[in-house]
Amino acid sequence: QVEIFCVDDDAINLMVLQGLLQPEGFRVETCNSGPEFFDVVGSRGYLPDLLLLDVMMPVMSGHEVCQQLRLLYPTTRLPVIMISANAGKMSIIEGLEAGCNDYVTKPFDRAELVITTQLRLKSLWRLELDRAQELGLLRRMLPDHVISRLKVAEAEGMGVVDRHECVSVLFSDVVEYTSLAASISNEQLVSLLNRMFAGFDDLCDRHGCYKVETVGDAYMVVTGHEGPVASEDHAQRAVAMALDMIDHVRSIERPNADGASLQIRVGVNSGPVVAGVVGKKMPRYCFFGDTVNTASRMESNGFPMNCTVSASTKELLDADPSRPYDTISLGHRRIKGKGDMEVFTVKTERTDWTMALEHAAGAAAAASSSSL
């Protein structure tokens with residue numbers, strides 16, 4: 001029930017206001033002065049939905065109460081309607097300058113009072129709805145722990161920058177994407193990517209992953225960034241996400257491929273990163289550092305329908321006493337910008353790990369013979 005708080009030093013006026021507003025379904029609270037109003041809201045810990053405030057009162061005038069209210073609660077959007085027998089222009093201007101939203105005159109006209117009250121409440125509800133929608137949009141773009149700091153950082157003229165000691169970064173892309181894009185119309189391509197990415201987005205929610213970005217057919221997520229201390233299961237969640245992504249694309253038919261399904265490569269690496277909010281229009285919480293670059297290399301050096309992981313991610317998976325994921329070495333591969341690195345694939349019936357092992361062995365044999 002909507003609460004309207006009426007402040008007036010005249011008891012009769014308060015009775016009249018109650019008689020006019022309660023039949024409209026409002027809960028009406030009253031008091032006789034500004035100090036009493038602040039005592040009440042201070043002790044109970046919350047503000048009313050709307051404040052009706054008499055201008056001419058002893059101790060504190062209505063204008064002074066309104067000014068004090070805006071100082072004590074600077075972020076509130078509480079509608080304040082001034083009540084006065086003086087409907088002169090200067091009195092109205094003074095009230096607006098004090099922070100009130102509207103004016104009604106004495107003696108009260110029922111229709112004017114009710115309509116003004118309802119309009120102000122509807123305006124507040126629209127603002128709250130807009131705010132909720134804005135927050136919902138922000139939550140789609142930024143992690144919750146970043147949103148709470150963003151406004152403070154902007155007010156202080158600073159950015160949001162974090163150092164995470166260990167996170168897991170996942171990259172995926174579509175196998176033979178270039179030939180796929182050339183073989184179908186742009187409209188078909190967009191529809192295909194939307195179906196794939198929409199499924200990946202749902203998986204992010206399921207596994208507590210943060211979707212960083214999509215570029216073309218590439219999809220990037222991060223786990224373990226949720227706060228100042230990394231969660232212990234971020235590598236497991238990244239791998240669980242990867243395996244579900246592989247399952248998801250099996251249900252998407254590749255166009256012009258005689259019923260064959262779409263295929264992706266997925267790579268995961270774990271380690272330290274620096275992260276921060278970048279940009280003002282469509283801001284993103286972006287991640288930087290060698291860990292990110294290596295995760296991208298895990299994907300590009302991986303195999304279709306496999307989850308390729310680095311030694312650091314394998315170490316985290318092996319440290320889990322429940323050992324939910326087994327891995328198998330694909331040997332050492334030459335990684336651009338890193339040199340030779342031992343890489344691993346997740347060994348599970350949900351991936352084509354045997355094919356990856358055969359290809360890796362063949363590549364190693366070819367490299368060995370060419371060096372002779």
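Heavy atoms of other residues, nucleotides or ligands lying less than 6.0 angstrom from CG of L71 number more than 12. Heavy atoms from other residues, nucleotides or ligands lying under 6.0 Å from CD of E24 number more than 12. Crowding of M56 atom CE: a count of heavy atoms from other residues, nucleotides or ligands under 6.0 Å not exceeding 12.
Under a 3.5 Å cut-off, the side chain of Q188 and the backbone N or O of S185 do form a donor-acceptor pair. Judged by distance alone, the side chain of T351 and the main-chain N or O of V346 form a donor-acceptor pair under 3.5 Å. Of the possible donor and acceptor atoms, none in the side chain of D326 sits under 3.5 Å from a partner among the backbone N and O of K347. Using modelled atom types, no side-chain atom of N293 and backbone atom of T291 make a donor-acceptor pair closer than 3.5 Å. The main-chain N or O of V7 is never found under 3.5 Å from a side-chain atom of D54 such that the two would form a donor-acceptor pair. With E358 contributing its side chain and M355 its backbone, the two residues share no donor-acceptor pair below 3.5 Å. In terms of modelled atom types and a separation under 3.5 Å, the side chain of S43 and the main chain of D39 share a donor-acceptor contact.
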| task | Take S270 and S168 through the test side-chain hydrogen bond (donor to acceptor under 3.5 Å, both in side chains) and record every step on the way to the result. | result | CA-CA 4 Å; S270 306; S168 291; 2.7 Å; yes
| said: Apply side-chain hydrogen bond (donor to acceptor under 3.5 Å, both in side chains) to residues D318 and Y325 and explain how you reach the verdict. | reply: CA-CA 8 Å; D318 291 346; Y325 302 109; over 6 Å; no
| said: One pair to check against side-chain contact (heavy atoms from CB on, under 4.5 Å): T313 and F344. What are the steps and the verdict? | reply: CA-CA 9 Å; T313 300; F344 305 82; over 6 Å; no
| request: Decide salt bridge (Lys or Arg N to Asp or Glu O under 4.0 Å) for E64 and R70; before the verdict, give the C-alpha distance in whole Å, the side-chain angles of both, and the deciding distance to 0.1 Å. | output: CA-CA 10 Å; E64 291 170 334; R70 299 310 186 196; over 6 Å; no
| said: Run L203 and M245 through side-chain contact (heavy atoms from CB on, under 4.5 Å) and show every step you take. | reply: CA-CA 8 Å; L203 294 176; M245 292 167 73; 3.9 Å; yes
| field | Candidate pair V169 and M298, rule side-chain contact (heavy atoms from CB on, under 4.5 Å), full reasoning | value | CA-CA 10 Å; V169 183; M298 290 299 102; over 6 Å; no
| Working for salt bridge (Lys or Arg N to Asp or Glu O under 4.0 Å), residues D49 and R27 | CA-CA 10 Å; D49 296 296; R27 185 174 78 252; 5.7 Å; no
| request: Decide side-chain hydrogen bond (donor to acceptor under 3.5 Å, both in side chains) for E94 and H63; before the verdict, give the C-alpha distance in whole Å, the side-chain angles of both, and the deciding distance to 0.1 Å. | output: CA-CA 7 Å; E94 187 178 354; H63 295 155; 3.2 Å; yes
| message | Would F200 and K211 count as a side-chain contact (heavy atoms from CB on, under 4.5 Å) here? Give the steps. | response | CA-CA 9 Å; F200 291 173; K211 173 186 174 181; over 6 Å; no
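The only member of R350, R237, R250 that meets salt bridge (Lys or Arg N to Asp or Glu O under 4.0 Å) when paired with D244 is R350.
With sequence neighbours excluded, the residues satisfying side chain to side chain donor-acceptor pair (under 3.5 Å) with Q236 are D320.
A cation-pi arrangement, defined by a distance under 6.0 Å to the six-membered ring centre and an angle within 45 degrees of its axis, is absent between R195 and F197.
Taking each heavy atom of I246 and C307 in turn, the nearest pair found is CD1-N, 4.2 Å. Closest non-hydrogen pair, T308 versus G302, comes out as OG1-CA, 3.3 Å. Summarising the geometry of M60 relative to G34, their closest heavy-atom pair is SD-C, 4.4 Å, with the distance given to 0.1 Å. Counting all heavy atoms, side chain and backbone alike, A360 lies closest to F303 at N-CZ, 3.9 Å. Minimum heavy-atom separation, L51 to F37: CD1-CE1, 3.8 Å. The minimum heavy-atom distance between L78 and P48, with the atom names listed, is CD1-O, 3.1 Å.
The shortest distance between side-chain heavy atoms of I252 and L192 falls below 4.5 Å. Under the 4.5 Å side-chain criterion, counting only non-hydrogen atoms from C-beta, M341 is not in contact with R333. At least one side-chain heavy atom of C6 sits less than 4.5 Å from a side-chain heavy atom of V28. Using a 4.5 Å heavy-atom threshold, the side chains of L52 and I4 count as touching. At least one side-chain heavy atom of L316 sits under 4.5 Å from a side-chain heavy atom of H234. Residues R254 and S261 have side chains not in contact (no heavy-atom distance under 4.5 Å, counting atoms from C-beta outward). With contacts defined as side-chain heavy-atom distances shorter than 4.5 Å, the pair R334/D340 qualifies. Within the 4.5 Å cutoff, no side-chain heavy atoms of N101 are placed close to those of M82.
Between Y210 and F287, the two ring planes are tilted [angle within 30° to 60°].
Atom-to-atom distance recorded for N194:CG and T214:OG1 is 10.5 Å, nearest 0.5 angstrom. The distance from atom CD1 of I83 to atom CE of M57, rounded to the nearest 0.5 Å, is 9.0 Å. Rounding to the nearest 0.5 angstrom, the gap separating the CG atom in N306 from the OG1 atom in T354 is 8.5 Å. The distance from atom CZ of R265 to atom CG of D173, rounded to the nearest 0.5 Å, is 4.5 Å. Atom-to-atom distance recorded for C100:SG and L53:CG is 8.5 Å, nearest 0.5 angstrom. With rounding to the nearest 0.5 angstrom, the OG1 atom of T327 is 11.5 Å from the CD atom of E315.
Counted by atom type alone, N269 and S312 present one or more donor-acceptor pairs between their side chains at under 3.5 Å. The closest side-chain donor-acceptor pair between S329 and E342 falls under 3.5 angstrom.
Under the 4.5 Å side-chain contact rule for hydrophobic residues, V55 and V59 share a cluster. When the side chains of ILVMFWY residues are joined at heavy-atom separations under 4.5 Å, either directly or via intervening members, V16 and L14 end up in two distinct hydrophobic clusters. No chain of hydrophobic side-chain contacts below 4.5 Å, direct or via other Ile, Leu, Val, Met, Phe, Trp or Tyr residues, connects M305 to V175. Under the 4.5 Å side-chain heavy-atom criterion for ILVMFWY residues, a single connected hydrophobic cluster contains both I328 and V343. Connection of F171 to Y219 is not established within any shared hydrophobic cluster, with ILVMFWY side chains joined at heavy-atom distances below 4.5 Å, either directly or through further cluster members.
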